[in-house]
Student: 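Okay, here's the structure, questions in a sec.
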Amino acid sequence: MSTVAEIFDTMSYGPAPEADTAARAWLASHSGRFGFFINGAWVQPQGEAAYLDSRNPATGEKLASIAVASPEDVDRAVAAAAAAYPAWAKRRGHERARVLYALARLVQKSSRVIAVLESLDNGKPIRETRDIDIPLVARHFYHHAGWAQLLPQEAPGMVPLGVVGQVIPWNFPLLMLAWKIAPALACGNTVVLKPAEYTSLTALYFAELCEEAGVPPGVVNIITGAGETGQALIDHPGVAKIAFTGSTEVGRIIRARTAGSGKKLSLELGGKSPFIVLDDADLDAAVEGLVDAIWFNQGQVCCAGSRLLVEESVAERFLAKIKARLANFRLGDPLDKCIDMGAVVDPIQRSRIDQLVSQAESEGGRVWRAPVTCPPAGCYYPPTLITHLGTANTAWREEIFGPVLAVMTFRSVSEAIQLANNTRFGLSATIWSENINRALELANAVKAGVVWVNCTNQFDAACPFGGYKESGFGREGGLLGLAEYLKAKHEWLDVGEVRLPSPPAVAVQGRVAVQAHAAELIDRTAKNYIGGKQMRPDGGDTRLVAAHDGRAAGRVGVGSRKDIRDAVEAAFNAEGWAKTTAHQRAQILFYLAENFSIRAPEFKQRLVELTGVSPAAAAREVAASIERLFSYAAWADKFEGAVHRPPARQLALSVHEPLGVVGVVCPDPLPLLSFVSLMAPVIAMGNRCVAVPSERYPLLATDFYQILDTSDVPGGVVNIVTGASDALARILAEHDQVDGLWYHGSPEGSRQVEALSIGNLKRTWVNGGRDRDWFSPATGEGRAFLAAATQVKTIWLPFGD
Ligand code: NAD
């Protein structure tokens, strides 16, 4: 027994465990065995039931048996959600707002028992579940109750999607549920959600809150199980959208399996995020930041700052401070309010961490483990640093998803940027500096969806969260998050509604159908346009292009893999375009429109000749194309981000950034207008474009070269490769230097683009064989195009001391 005087000397303190009586009583009320929550009631699995054990990772104790949903169970849940959808979608926004508000209130009223249940099931400290996870869950439901109320006015013309399938990971079980369910419900969708197999308990508890809050039966359905259950859900034809948070590996599987299905998809995936400490940083604050970045939730955080980049001049001092801090770390019972770190989620996860650390060591990394005592039983892993790394080391490249920090130093800001971006991921970045100019320079340069300046791991329901590159696509939070659960009512022309002039029925391939006056066209072979130059197709192949009456109108190149590669390289090298000011891009687009106007009569003539439309229809298409360039000249400096005021003393800025290199595969109808409508928003937002023009009428795009040449568009910003659209689309989809791909063509072509884009998880936008009304400003231009041409970076800036 210590005396008070001794305690003043040592500052030691004993355990302060949170009682788990209420949480255990709830488990007992279900006899420790759970079925599914379908159509507002608890149901048992159909047929031969299988169960998984849900265990407390801190002790290994079994907490409950969790049923594994079979495809038949998934079917039942989707059917219930589909039956509930029409009435829920029709409810007034205010009625949905009341339900979401009731959920927010109930989460607050049950916060203690939920926090304890989450700690028991996941192993994370009660301090975190109590002070971070559960308050953020409540905040999410409040915020989205507000959106349900406002959406009819704030998102006119937008409608819900239908049944949404949601699959979530184990690291923030209830928080990820809230991120998924709140926006889906606010928009009028119904939901089937599958929590992770290790951590289903709080989702099951939430099911009961739904009953109490008056969520109508079938609007929220919770099914449990492992990967096969998740797969059955994403494969289900009754699901209109998949929202997935989890590993990049499974994200890729989901992208491939949903290809061509028309299901909307958002993927929040893994990360390997840099934590950058400049020499002018407040080092003590940065140490605390780092603790929150990589030892929060035992490092099992998608956006964990798992790669420390510290400026060489302060590296030694900074590492000494970290080691001193970690030497006093407390590992232990997650329900103890005095611990810093709890248990990792499962023995499998612990051995995976161990194996990756050993591998990093065998590759030359030097491993330092904090001298802390791990409890003898349970799934604990000490805070760990790995130094002496090269960029090829496993610890630097791979997501370890545990309390392990990879350390490297740098000498200049440019080196820090280069190292920070040297990763296939792009979820988040943290920058520590007392110099706001340097910090913002870095924030601008890092390729990540979320950037924290002098803070880390901050989240809020109003602030977009999501990744660049292989960290996925789609955002959660605020209006952008809601966009993932809505669609435009009139984006596509209805089946059978033919408002476009029919293209002439002529054969365009081969010489047979084309009347032979080809000899005179030898000098009229349109080449590809790459890097601002006309380039002969690599294979030397050309083909005749027919006019509407079957006469030969000219020759074009037949683009190959090599031509696409050259075009992508030229586009990649034209990176300067992304850094030009929006004002400059606007001027160039206006200038393009001006030069196009001068040549309007020629284009009109060409349209008549090639497509057989009337002179009046051709004049209308040319005029609309010129006007479209004006629209995007106008938009270039107006599609701006937002400033958020999260509840803490911070500002969060969401900024639109270009994707990079975007492939654009254009349709045949309205070949000039559709080409301009797809190319212009891409470059207006600072992307570089590789366009594959209409396969049938490529000459309209090739005639456009001269306008590009005379309008100050830098070489490589627009590249045009003619040829077989679907073959070229496949090459673009497989190319890992292409960051986005827009495809307008057949349903099968759309499927291929989505299925083949999994290499770098590029952002795809396909038409699924549908037509749009290109003339209408509501569907042929505007925010949907601009949003597809950009990705949002959210930069968090604290203020005050
Ligand atoms: P995981 O991908 O293994 O599992 C995630 C979920 O997908 C689980 O519910 C699992 O049962 C299910 N699943 C597994 N295989 C499936 C399949 N073939 N089809 C459909 N569903 C399938 O990931 P995890 O180990 O549970 O979680 C850790 C990963 O999640 C890490 O990579 C982490 O970075 C990522 N994560 C990302 C975010 C984010 O917002 N970006 C947030 C949290 C976690």
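One-based numbering, in listed order, for ligands and for the atoms of each. The shown structure was predicted, so the numbers you read here are calculated from the model rather than taken from an experiment. Just so you know, residue 1 is the first one in the sequence shown, and it goes up from there.
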Student: Which of the numbered atoms in ligand 1 are below 4.0 angstrom from a heavy atom of F465?
Tutor: 40 (O)
Student: Measure E476 to ligand 1 on non-hydrogen atoms and call it side chain, backbone, both or neither using the 4.0 Å cut-off.
Tutor: neither
Student: Report yes if the distance between the aromatic ring centroids of F34 and W26 is under 6.0 Å, otherwise no.
Tutor: yes
Student: Given L174, which of L117, L201, I168, I114 fulfils the side-chain contact (heavy atoms from CB on, under 4.5 Å) condition?
Tutor: I114
Student: So for ligand 1, is T248 a polar contact partner (N or O within less than 3.5 Å, distance only)?
Tutor: no
Student: Are R255 and E754 close enough for a salt bridge, meaning some N to O gap below 4.0 Å?
Tutor: yes
Student: Using only atom types and a distance under 3.5 Å, with no angle test, would you say the side chain of E268 pairs donor to acceptor with the backbone of G472?
Tutor: no
Student: Answer yes or no: is there an ion pair linking E399 with R307, defined by an N-O contact shorter than 4.0 Å?
Tutor: no
Student: If you measure every N/O of I168 against every N/O of ligand 1, is any gap under 3.5 Å?
Tutor: yes
Student: Of the choices L233, T245, V250, which has the non-hydrogen atom that lies closest to atom 5 (C) of ligand 1?
Tutor: T245
Student: Just which atoms of ligand 1 are under 4.0 Å from any heavy atom in G270?
Tutor: 32 (O), 34 (O)
Student: To check your reading of the model: name the closest protein heavy atom to atom 41 (N) of ligand 1, its residue, and the distance in Å.
Tutor: L269 O, 2.7 Å
Student: Is the shortest distance from a heavy atom of F244 to ligand 1 less than 4.0 Å?
Tutor: yes
Student: Please determine if Q231 has a nitrogen or oxygen closer than 3.5 Å to a nitrogen or oxygen of ligand 1.
Tutor: yes
Student: Ligand 1 versus V301, non-hydrogen atoms closer than 4.0 Å: side chain, backbone, both, neither?
Tutor: neither
Student: Quick test of your reading of the structure: of P169, G472, G246, S266, whose heavy atom lies closest to atom 29 (C) of ligand 1?
Tutor: G246
Student: Thinking salt bridges, do K447 and E657 make one under a 4.0 Å N-O criterion?
Tutor: no
Student: For ligand 1, is there an N or O atom under 3.5 Å from any N or O atom of S471?
Tutor: no
Student: Test of understanding: given a 4.0 Å heavy-atom threshold, classify the contact between N171 and ligand 1 as side chain, backbone, both, or neither.
Tutor: side chain
Student: For atom 37 (C) of ligand 1, which candidate among A196, C302, S247 provides the closest heavy atom?
Tutor: C302
Student: Centroid separation under 6.0 Å, is that true for the rings of F275 and W432?
Tutor: yes
Student: For the rings on F37 and W42, is their centre-to-centre separation under 6.0 Å?
Tutor: yes
Student: What is the nearest protein non-hydrogen atom to atom 25 (O) of ligand 1, stated with its residue, atom name and distance?
Tutor: W170 NE1, 3.1 Å
Student: What residue and atom, counting heavy atoms only, is the protein's closest point to atom 14 (C) of ligand 1, and at what distance?
Tutor: G227 CA, 3.6 Å
Student: Write out the residue and atom name of the closest protein heavy atom to atom 34 (O) of ligand 1, then the distance separating them to 0.1 Å.
Tutor: E399 OE2, 2.6 Å
Student: Any Lys/Arg nitrogen of D739 or R763 sitting under 4.0 Å from an Asp/Glu carboxylate oxygen of the other?
Tutor: no
Student: Please confirm whether G467 comes under 4.0 Å of ligand 1, counting heavy atoms of the residue only.
Tutor: no
Student: Assign the ring pair F401 / W170 to parallel, tilted or perpendicular, where the plane angle (0 to 90°) is split at 30° and 60°.
Tutor: perpendicular
Student: Looking at atom 10 (C) of ligand 1, what's its closest protein heavy atom, distance included?
Tutor: E197 OE1, 3.5 Å
Student: In the protein, which heavy atom is nearest to atom 28 (C) of ligand 1, and how far is it?
Tutor: F401 CE2, 3.5 Å
Student: Considering the options L479, T794, V450, which one meets the side-chain contact (heavy atoms from CB on, under 4.5 Å) requirement together with P464?
Tutor: T794
Student: Tell me which protein heavy atom sits closest to atom 21 (N) of ligand 1, plus the residue, atom name and distance to 0.1 Å.
Tutor: G230 CA, 3.6 Å
Student: Measure from the ring center of F206 to the ring center of F141 and say whether it is less than 6.0 Å.
Tutor: yes
Student: Taking both backbone and side-chain atoms of V167, is any N or O found less than 3.5 Å from an N or O belonging to ligand 1?
Tutor: no
Student: Which atoms of ligand 1 are found less than 4.0 Å from any heavy atom of L427?
Tutor: 41 (N)
Student: Just checking, K241 and Y485: is the charged tip under 6.0 Å from the six-membered ring centre and within 45° of the axis?
Tutor: yes
Student: If the threshold is 4.0 Å, N to carboxylate O, is there a salt bridge linking D346 and R55?
Tutor: no
